[in-house]
Amino acid sequence: MWISGSRATTESGLKGLIGLGRGRPVCGRPLFFLIAVLVYVLTRQEAVHLLRTGGITAVATLYWIFYLRPRRDTRWLVSIPEDARS
């Protein structure tokens, strides 16, 4: 895969592998195929596990909506130390 050391060659090769620039989806699969796979996987799970996952997701979403989002100026900040700035 790494035929040349040139960054442009490497980037165009990677884009070719994943289908960018040809009007195709990035993953190379149509959306209905991905939805069918998701439905198949979800039907193979036990209801208890899906309910637990849904409950955890609901609690996390509520936490984000009512606690983190209103405080976005002071929460979830990634700061760069002064000595690391260029």
Side-chain angles (χ1 to χ4, degrees):
M1 184 164 106
W2 302 103
I3 296 172
S4 172
S6 161
R7 182 176 177 168
T9 304
T10 304
E11 287 178 0
S12 64
L14 290 174
K15 287 179 181 179
L17 284 175
I18 60 176
L20 289 176
R22 288 187 277 174
R24 292 176 43 205
V26 173
C27 63
R29 302 272 186 233
L31 184 60
F32 68 87
F33 176 77
L34 298 176
I35 292 172
V37 169
L38 180 64
V39 168
Y40 174 77
V41 169
L42 289 177
T43 57
R44 300 292 179 194
Q45 305 302 315
E46 294 182 24
V48 173
H49 297 147
L50 292 175
L51 290 173
R52 285 182 187 165
T53 303
I56 291 169
T57 304
V59 168
T61 302
L62 292 173
Y63 175 72
W64 177 75
I65 289 172
F66 293 113
Y67 183 75
L68 291 177
R69 198 166 159 221
R71 296 166 181 84
R72 67 177 67 172
D73 293 336
T74 59
R75 303 289 187 259
W76 290 87
L77 295 177
V78 178
S79 58
I80 301 172
E82 288 292 328
D83 59 343
R85 293 182 187 171
S86 54

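Heads up: numbering here begins at 1 and tracks the sequence. Just so it is clear, the structure is predicted and the values come from calculations on it, not from any experiment.
- Separating the CZ atom in Phe32 from the CG atom in Leu34 is a distance of 9.5 Å, to the nearest 0.5 Å.
- A chain of hydrophobic side-chain contacts below 4.5 Å, direct or via other Ile, Leu, Val, Met, Phe, Trp or Tyr residues, connects Leu68 to Ile65.
- Under the 4.5 Å side-chain heavy-atom criterion for Ile, Leu, Val, Met, Phe, Trp and Tyr, Leu42 and Tyr40 are members of distinct hydrophobic clusters.
- Under the 4.5 Å side-chain heavy-atom criterion for ILVMFWY residues, no single connected hydrophobic cluster contains both Val41 and Leu38.
- Note: Thr57 OG1 to Leu62 CG = 11.0 Å, rounded to the nearest 0.5 Å.
- For Gln45, the CD atom counts as densely surrounded, since its 6.0 Å shell holds more than 12 non-hydrogen atoms of other residues, nucleotides or ligands.
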